[in-house]
Asks: 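Let me begin by handing over the structure; questions about it come next.
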Amino acid sequence: MIISLISQKGGVGKSALARLLAVEVARAGWVVKIADLDPAQGTSTKWKARRDQSGLHPEIAVEKYRTVDRAIKEAGRFDLMILDGPAHAEQGGRTMARHSDLVLMPTGYSLDDMEPQVEAAYELEEAGIATDRMFFCFCRAKGSEAEDRAARAYLTKARVNVLDPVFPELASIRQGHAEGRAASEVPFPKVQERAVAVAQAIMNHLPGMKEAA
Ligand SMILES: Nc1ncnc2c1ncn2[C@@H]1O[C@H](COP(=O)(O)OP(=O)(O)OP(=O)(O)O)[C@@H](O)[C@H]1O
Ligand SMILES: [Mg+2]
C-alpha cells in the first residue's frame with residue numbers, strides 16, 4: 001500500500017505527518033518505509049538518524065529516492081510505503097498520487113495555505129485521481145475553534161475531504177522531532193492522544209487497517 005504526502009507549499013507538515021503515520025503503523029505491526037523524496041533537504045532521513053541515535057523503537061526504515069518511480073517500484077516489499085514528497089511536486093505529485101491508495105494534503109488554517117492546496121487537489125482530480133482517496137489534514141494548527149470552523153467551511157465549499165482530528169503545532173512536538181520522535185511519542189499523554197487520533201483517522205481510510213490496529 002502507498003500513501004502520499006503532497007503539498008504545493010513548503011513547510012506545511014508533510015514530513016511530520018509522514019513520521020507520525022510511520023510510527024503508528026509500525027506499532028500496529030505493519031512493515032513500513034518512508035521514501036524521502038526531497039533528497040537535497042533529506043528531512044526524513046536526518047530525523048531517522050536522530051531516531052536511531054536516541055535508540056527509539058520501533059525502528060523506522062527511511063530511504064532517499066531520487067525519483068518517485070524508484071520508490072514506487074520498491075513499495076511492494078512493504079505493507080506501507082509513505083511517500084514524503086517535496087513542495088511544488090507538480091508532475092512528481094501526479095505520479096505519486098496515481099500510485100497511492102491515499103493522498104494526504106496537509107494545510108494550515110490560513111487562506112494563504114488552503115488556496116494553493118485546493119488548487120493542487122483540483123489539478124490531481126483533473127489528472128484522474130479519485131477525490132475519495134484525497135484527504136486534507138489541518139497540520140501545524142494553531143487557532144481557535146471559530147477559525148477551525150471557518151477553515152472547514154471553506155474546504156467543504158471547495159468540495160474536498162478533511163480529516164476530523166487536527167495535528168496541533170506545539171513546542172513539545174518540535175522538541176520531540178529534534179530527538180527523533182514522532183508526535184505520538186512526546187512525553188505528554190494529551191499531546192500523544194491528539195497525535196494518535198490523527199494517525200488513526202488516516203489508518204481508518206486504509207483498507208484492511210482497522211483490523212490490524
Ligand atoms: N505539529 C507540529 N508541532 C510543532 N512543529 C511542527 C509540527 N509539525 C511540523 N513542525 C515543524 O515545522 C517545520 C515544517 O514541518 P515539516 O518539515 O513537516 O513540513 P514539510 O511540509 O515536510 O516541509 P517541506 O515542504 O520543506 O518538506 C519543521 O521544523 C517541523 O519540525
Ligand atoms: Mg518535508
Side-chain angles (χ1 to χ4, degrees), residues 3-24 33-51 53-54 56 60 62-66 68 71 81-93 96-97 100 103-110 112-121 134-143 147-148 151 162-202:
I3 295 185
S4 284
L5 283 302
I6 294 179
S7 74
Q8 225 297 311
K9 292 188 74 165
V12 292
K14 296 180 293 296
S15 299
L17 201 49
R19 63 187 64 159
L20 166 63
L21 192 58
V23 165
E24 290 311 302
K33 185 176 211 172
I34 299 176
D36 188 343
L37 292 168
D38 194 346
Q41 190 166 254
T43 308
S44 288
T45 313
K46 285 173 185 152
W47 169 79
K48 192 253 189 313
R50 297 197 298 274
R51 183 174 183 83
Q53 195 122 40
S54 302
L56 291 164
I60 304 295
V62 181
E63 190 173 337
K64 284 186 190 180
Y65 290 93
R66 268 184 297 115
V68 174
M81 178 76 113
I82 300 171
L83 304 180
D84 181 15
H88 314 291
E90 276 92 34
Q91 176 65 42
M96 286 165 67
S100 292
V103 176
L104 299 174
M105 310 192 76
T107 181
Y109 283 141
S110 73
D112 291 332
D113 283 351
M114 292 189 291
E115 219 167 30
Q117 198 63 316
V118 166
E119 278 163 24
M134 282 190 260
F135 288 87
F136 278 52
C137 178
F138 289 118
C139 286
R140 304 192 64 185
K142 284 186 291 193
E147 198 173 15
D148 184 273
V162 193
L163 295 179
D164 281 335
V166 165
F167 195 167
E169 164 122 8
L170 295 167
S172 58
I173 295 178
R174 240 184 327 273
Q175 182 57 35
H177 286 166
E179 296 163 359
R181 293 174 200 277
S184 55
E185 297 174 308
V186 305
F188 304 107
K190 284 237 165 70
V191 178
Q192 284 181 15
E193 221 172 89
R194 293 191 68 182
V196 167
V198 172
Q200 190 59 56
I202 296 166

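Any value given below was found using the heavy atoms of this structure, including those in side chains, with hydrogens, waters and symmetry copies removed. Note that the structure is predicted; figures quoted are calculated from it, not measured. Counting convention: from 1, in listed order, for ligands and their atoms alike.
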Asks: Using modelled atom types and a 3.5 Å cut-off, is there a donor and acceptor pairing between side-chain atoms of Arg140 and backbone atoms of Gly11?
Replies: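 Answer holds: yes.
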Asks: Given side chains that start at C-beta, do those of Gln117 and Pro106 come closer than 4.5 Å, heavy atoms only?
Replies: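 Yes, side chains in contact.
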Asks: Would a distance-only check, ignoring hydrogens and angles, find a side-chain to backbone donor-acceptor pair under 3.5 Å from Glu179 to Arg50?
Replies: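 No, Glu179 side chain to Arg50 backbone: no donor-acceptor pair under 3.5 Å.
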Asks: Hey, is the main chain of Pro39 close enough, under 3.5 Å, to the side chain of Lys64 for a donor-acceptor pair?
Replies: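 Indeed, once roles are kept as given, a pair shorter than 3.5 Å links the two residues.
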Asks: With heavy-atom distances below 4.5 Å as the criterion, would you say the side chains of Cys139 and Val12 are in contact?
Replies: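 Of all side-chain heavy-atom pairs linking Val12 with Cys139, none is under 4.5 Å.
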Asks: Run the salt bridge (Lys or Arg N to Asp or Glu O under 4.0 Å) test against Arg51 and tell me which residues pass, sequence neighbours left out.
Replies: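 So Arg51 forms a salt bridge (Lys or Arg N to Asp or Glu O under 4.0 Å) with Glu185.
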Asks: Name all residues meeting the salt bridge (Lys or Arg N to Asp or Glu O under 4.0 Å) criterion together with Lys9; count only those two or more places apart in sequence or in a different chain, and write none if there are none.
Replies: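 Salt bridge (Lys or Arg N to Asp or Glu O under 4.0 Å) list for Lys9, sorted by chain: Asp113.
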Asks: Closer than 3.5 angstrom, by distance alone: can the side chain of Gln192 be matched with the main-chain N or O of Val186 as a donor-acceptor pair?
Replies: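 Yes: the side chain of Gln192 pairs with the backbone of Val186.
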Asks: What count do you get for protein N/O/S atoms less than 2.8 Å from the Mg ion (ligand 2)?
Replies: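 Atoms of protein N, O or S type lying less than 2.8 Å from the Mg ion (ligand 2) total 1.
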Asks: Heavy atoms under 4.0 Å from ligand 1: which residues qualify?
Replies: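 Ligand 1 pocket, heavy atoms under 4.0 Å: Gly10, Gly11, Val12, Gly13, Lys14, Ser15, Ala16, Gln41, Ala87, Arg140, Phe167, Pro168, Glu169, Leu170, Ile173, Arg174, His177.
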Asks: Counting C-beta onward and ignoring hydrogens, is there a side-chain heavy-atom pair between Asp36 and Asp38 closer than 4.5 Å?
Replies: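 In short, these two side chains touch, coming nearer than 4.5 Å.
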